[in-house]
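As structure tokens, the structure follows; a few thoughts come after it.
Since this is a predicted model, take the numbers as computed values, not measurements. Naming: A, B, ... by sequence-line order, numbering from 1 per chain.
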Number of protein chains: 2
Amino acid sequence: MDKAPEVFDRLLEITVLLQKDLARSFETNGLTLSRTHLLWELHRLSPSTQQRLATALQVSPRNVTGLVDALVATGFVIRAPHPHDRRATLVTLTELGSATMTEMASQRVQLSQHLVAGLGDEGVTHLVLGLDTVAERRRVLVDEAGRAEAPEPA
Amino acid sequence: MDKAPEVFDRLLEITVLLQKDLARSFETNGLTLSRTHLLWELHRLSPSTQQRLATALQVSPRNVTGLVDALVATGFVIRAPHPHDRRATLVTLTELGSATMTEMASQRVQLSQHLVAGLGDEGVTHLVLGLDTVAERRRVLVDEAGRAEAPEPA
DNA sequence: TATTGTTATACTCTATAACTATA
DNA sequence: TATAGTTATAGAGTATAACAATA
């Protein structure tokens with residue numbers, strides 16, 4: 001009974017569903033998945049240039065321009081000139097943006113606890129260990145593929 | 001050291017990365033994530049009406065029309081009239097589509113095994129148990145939210 | 001010369017609404 | 001009357017390329 005072959009499919013299926021759940025819940029706040037993702041990174045990165053956000057999100061600078069435009073229009077962030085580099089813009093969370101992210105952080109903690117309810121401390125530890133292993137192995141694979149100049153995993 | 005609060009974030013992060021990896025590898029075959037998703041469902045559902053695909057993918061019928069158009073144009077599927085219902089269309093994998101999905105299935109098995117390498121049989125069992133628990137708990141949450149008529153998890 | 005962000009352009013995914021042809 | 005699929009329309013996300021201002 002080797003269950004390894006199914007791991008990837010289960011991981012993908014669960015998270016696709018969770019993402020759709022999330023997207024639906026964001027709509028309530030007038031947010032989309034991509035915009036929320038940016039906001040979430042900004043929550044960590046404090047005031048940040050768009051360049052930095054583009055790198056963090058692994059997305060084109062042009063894309064960030066559009067997302068920030070929308071978030072400015074809806075009042076979640078503001079643009080301000082960079083104090084030392086007049087080419088750059090600093091994007092900052094407004095109070096609304098900040099409050100929304102704080103709220104979301106606490107909802108995520110709650111959600112996490114719901115999701116693992118019934119596993120027990122040991123079960124959770126095993127799950128996290130498993131997820132970390134997967135993340136690490138993925139990184140190794142990507143590195144190898146990158147070095148071979150031939151992206152190949154599917 | 002309660003690790004439960006992080007479970008959701010880790011799950012999301014890993015799968016977002018895996019999805020991007022996947023999308024990149026699909027490009028090699030002239031496929032996108034959504035089109036591959038449809039192909040993957042079709043691999044299970046044999047000849048299928050577009051309506052059924054729309055339900056399986058949780059997507060609008062109009063959307064399926066577009067995806068199938070693209071897959072027909074690139075030779076992965078064909079449309080054929082439904083034998084008993086002249087309103088409906090049956091979508092079927094071509095040899096190319098079928099071969100591509102078979103190949104992908106085997107690549108996913110390989111990828112899965114890579115991803116859990118180092119965990120050991122027991123570790124894998126724990127991981128799968130954890131993922132199943134999460135999936136089950138999510139289902140319960142969605143049901144509850146649905147009954148309360150107020151989608152609420154975040 | 002290199003970098004930051006923008007305008008221009010284009011493609012994909014997605015949705016709703018109105019319509020056609022069946023059932 | 002209800003269902004299967006399409007046309008029409010629209011908005012969001014994404015990318016590349018060309019360009020402006022600045023470093």
Does this structure show an ion pair linking [X] with [Y], if we count only N-O contacts that are shorter than 4.0 Å?
| X | Y | answer |
| --- | --- | --- |
| A:Glu41 | A:Arg44 | yes |
| A:Asp69 | A:Arg79 | yes |
| B:Arg24 | B:Glu27 | no |

> Under 3.5 Å, is there an N or O donor on one side and an acceptor on the other linking the side chain of A:Arg87 and the base of C:dT3?
Replying inline: yes

Is there a side-chain contact between [X] and the phosphate of [N], meaning an N or O under 4.0 Å from OP1 or OP2?
| X | N | result |
| --- | --- | --- |
| B:Ser34 | C:dT14 | yes |
| A:Asn63 | D:dG13 | no |
| B:Gln51 | D:dT3 | no |
| B:Thr65 | D:dT6 | yes |
| B:Ser60 | C:dT16 | no |
| A:Gln50 | C:dT6 | yes |
| B:Arg62 | C:dT14 | no |
| B:Arg35 | C:dC13 | yes |

How would you label the contact of [X] with the nucleic acid (heavy atoms, under 4.0 Å): base, sugar-phosphate, or nothing?
| X | value |
| --- | --- |
| A:Leu33 | nothing |
| B:Arg79 | sugar-phosphate |
| A:Val64 | nothing |

> Pick the nucleotide of DNA chain C nearest each of A:Ser48 and A:Lys20; which residue has the one closer to the 5' end?
Replying inline: A:Ser48

> DNA chain C: A:Thr89 or B:Leu67, which has the more 5' nearest nucleotide?
Replying inline: A:Thr89

Rounded off to whole Å, could you give me the [atom1]-to-[atom2] distance for the [X] and [N] pair?
| X | N | atom1 | atom2 | value |
| --- | --- | --- | --- | --- |
| B:His82 | C:dA21 | NE2 | C1' | 15 Å |
| B:Leu31 | C:dT12 | CG | C1' | 13 Å |
| B:Gln58 | C:dA15 | CD | P | 10 Å |
| B:Glu27 | C:dC11 | CD | C1' | 13 Å |
| B:Asp69 | C:dT12 | CG | P | 12 Å |
| B:Asp85 | C:dT22 | CG | C1' | 7 Å |
| A:Leu38 | D:dT14 | CG | C1' | 14 Å |
| B:Leu53 | D:dG5 | CG | C1' | 13 Å |

> For the atom pair CD (B:Glu6) and CG (B:Leu11), what is the distance rounded to the nearest 0.5 Å?
Replying inline: 12.5 Å

>> Distance check, rounded to the nearest 0.5 Å: A:Ile14 atom CD1 versus B:Arg137 atom CZ?
In response: 13.5 Å

>> Are the side chains of A:Leu127 and B:His126 in contact, using a 4.5 Å heavy-atom criterion?
In response: no

